[in-house]
Amino acid sequence: MGKGRAGMPTIEELIARKRDGGGLSAEELDRLVLGFTAGEVPDYQMAAWLMAACIRGLDAEETVWLTDAMVRSGERVDLSALGRTVLDKHSTGGVGDTVTLVVAPLVAACGGTVAKVSGHGLGHTGGTLDKLESIPGFRTALSIGEFVRQADEVGVAVIAQSPEVDPADGAMYALRDVTATVPSIPLIVASIVSKKVAGGADAVLIDVKSGSGAFAKTGDEARALARQLTRVGAALGRCIRCVVSDMDEPLGAAVGNALEVAEAVATMRSATGRLAEVCVAIAGRMLAMGGGAPTAAAGEALAREALADGRALEAFRRWVRAQGGDEAVAEDPADVLPRARERRVTGAPRSGYLSRMDAEGVGRAAAALGAGRTTKDAAVDPGAGIVLHARVGEPVSRDDPLATLHAAGPALLDEGERRLLAAVGVTDDRPEPRALLTDV
Ligand code: URA
Ligand code: CA
């Protein structure tokens with residue numbers, strides 16, 4: 001950018017002010033964000049400002065203003081025609097986090113309406129879109145009109161983030177991802193809340209992950225992030241409620257796109273296990289937010305029933321059919337979903353208690369097997385990934401099956417196995433159990 005107009009600081013001056021610990025006004029943040037989206041502020045200036053913001057932070061007002069500017073960088077999805085409270089569920093990025101695939105139809109089965117704008121995965125965390133797209137025929141590129149109609153008729157719709165909705169976040173996140181500026185609470189808050197506000201849902205349950213596989217490494221960081229998400233959401237007129245869930249080890253047993261879809265179906269069939277528990281807890285809170293249950297506890301009771309009696313699976317089948325996917329996946333996932341060419345069972349390195357199954361490490365192992373992306377536009381191998389056979393705290397004997405790896409060939413299996421073993425710890429003493437989910 002050239003010189004500022006009379007009395008207006010240049011972009012360079014805005015960068016310098018943030019570098020020195022000062023604040024920007026709403027108007028200045030608008031110029032920065034909207035100028036960047038319009039191509040007037042170049043990448044290098046935005047990247048420099050992001051680094052300054054990452055180090056110096058943003059105050060409470062700046063975070064709201066930044067978020068608001070990001071929302072106004074593009075279109076907003078208008079869901080008001082549905083005439084009811086529309087719910088969304090978001091996770092701050094987990095490993096083996098199959099929750100959305102179960103919770104969305106579960107809430108729909110209990111009479112709620114879920115409309116979610118979702119992204120692809122990057123790095124070691126999986127994206128809901130990649131998981132859904134592993135179902136043959138499943139379309140995520142619905143028009144806004146189709147999205148709204150489907151949410152109305154089926155009770156659940158998930159579409160890909162379009163370049164028209166919150167384009168500032170797409171472009172800023174791409175810069176943050178390669179300039180070491182992702183780990184900043186205000187930047188993460190603005191990124192998530194702007195997408196949620198632009199996505200149109202009235203009430204959003206955010207599952208803030210805490211642990212090695214998450215942005216928030218400690219419970220304190222996760223709770224601070226959760227409080228900011230709720231505060232900024234409220235400032236922009238949205239009801240955001242958060243839970244903090246453990247991501248020191250992967251949530252489910254499956255890590256990888258088709259493998260996670262199969263696990264979601266198995267969870268909707270058996271209605272038991274760690275994943276089912278988290279899904280019931282989250283669905284219950286969403287039903288309470290949407291007015292479908294008087295309290296979270298009452299919502300949990302409804303969700304537990306709908307999971308156990310097959311209505312959640314039925315809603316999943318309707319959802320898959322509505323988006324063009326092969327609904328037989330709800331019957332026999334192994335028959336319908338793509339499979340990797342080769343498998344290998346990895347055994348425990350020694351006897352003892354499994355003390356560590358580092359989520360980030362397992363995510364990176366799955367990515368190395370082909371389940372994740374190394375660059376934004378890379379393709380994923382839908383069948384690749386890991387199925388864990390042991391959980392932290394369980395006793396294992398040397399060479400007991402720890403995990404089954406799925407990949408296209410032996411070189412990938414070697415690399416995946418090396419990474420997986422680096423993520424695993426076995427000790428003589430039984431480790432302390434960790435809480436799975438806490439409210440904020
Ligand atoms: N998830 C997002 O959408 N944005 C961030 O910045 C971090 C996690
Ligand atoms: Ca996710």
Side-chain angles (χ1 to χ4, degrees), residues 29 33 36-37 46-47 49-55 57-58 62-64 66-71 73-74 77 88-95 97 99-100 116-131 158-163 165-201 204-218 221-233 236 238 240 242-245 247 251 359-360 363 372-373 376:
L29 284 162
V33 170
F36 173 62
T37 321
M46 180 53 98
W49 184 83
L50 286 167
M51 181 57 85
C54 187
I55 294 170
L58 301 180
E62 283 180 291
T63 309
V64 171
L66 174 66
T67 308
D68 189 40
M70 291 169 72
V71 172
S73 73
V77 179
D88 186 0
K89 134 101 201 5
H90 186 82
S91 131
T92 60
V95 174
D97 183 2
V99 170
T100 300
K116 178 173 170 59
V117 179
S118 189
H120 286 108
L122 190 62
H124 69 278
T125 66
T128 298
L129 277 191
D130 295 315
K131 298 170 196 179
V158 176
I159 55 167
Q161 224 165 300
S162 91
V165 177
D166 201 353
D169 179 60
M172 287 164 72
Y173 196 89
L175 286 181
R176 288 169 59 212
D177 198 46
V178 293
T179 56
T181 49
V182 170
S184 150
I185 286 183
L187 296 181
I188 292 173
V189 168
S191 167
I192 293 175
V193 177
S194 64
K195 279 197 289 272
K196 297 294 111 184
V197 172
V204 188
L205 189 289
I206 300 183
D207 178 10
V208 179
K209 302 295 185 187
S210 150
S212 82
F215 295 104
K217 302 292 176 203
T218 66
E221 271 173 36
R223 281 182 290 278
L225 176 55
R227 279 191 295 273
Q228 293 302 316
L229 289 165
T230 301
R231 182 185 66 81
V232 174
L236 297 178
R238 296 303 156 101
I240 292 181
C242 299
V243 294
V244 171
S245 70
M247 194 40 78
L251 178 58
E360 178 166 358
R373 288 191 170 71
K376 211 164 166 261

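When a ligand or atom number is given, it counts from 1 through the structure's own listing order.
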Quiz item: If you count the atoms of ligand 1 from 1 in the order shown, which ones are under 4.0 Å from a heavy atom of Tyr173?
Solution: 4 (N), 5 (C), 6 (O), 7 (C)
Self-check item: Polar side-chain atom of Lys116 near backbone of His90 as donor-acceptor pair, under 3.5 Å
Solution: no
Quiz item: Can any side-chain N or O of Ser191 pair as donor or acceptor with the backbone N or O of Asp169 at less than 3.5 Å?
Solution: no
Quiz item: Counting only N and O atoms by type, is there a donor-acceptor contact under 3.5 Å from the side chain of Thr230 to the main-chain atoms of Ala226?
Solution: yes
Quiz item: Does Ile192 have a heavy atom less than 4.0 Å from any atom of ligand 1?
Solution: yes
Quiz item: Under 3.5 Å, N or O to N or O, is Arg176 touching ligand 1 that way?
Solution: yes
Self-check item: pair Ile240-Ile206: side-chain heavy atoms closer than 4.5 Å
Solution: yes
Quiz item: Which protein non-hydrogen atom lies closest to atom 4 (N) of ligand 1, naming both residue and atom, and how far is it?
Solution: Ser191 OG, 2.6 Å
Self-check item: Spacing of OG belonging to Ser212 relative to NZ belonging to Lys217, to within rounding of 0.5 Å
Solution: 6.5 Å
Quiz prompt | N/O donor-acceptor pair under 3.5 Å between Lys209 side chain and Val95 backbone | solution = no
Exercise. May I ask you to check if ligand 1 and Thr92 share an N or O to N or O distance below 3.5 Å?
Key: no
Practice problem: Report the nearest protein non-hydrogen atom to atom 8 (C) of ligand 1: residue, atom name, distance rounded to 0.1 Å. | Solution: Phe215 CE1, 3.3 Å
Exercise. Could you tell me whether some N/O pair between Lys195 and ligand 1 is separated by less than 3.5 angstrom?
Key: yes
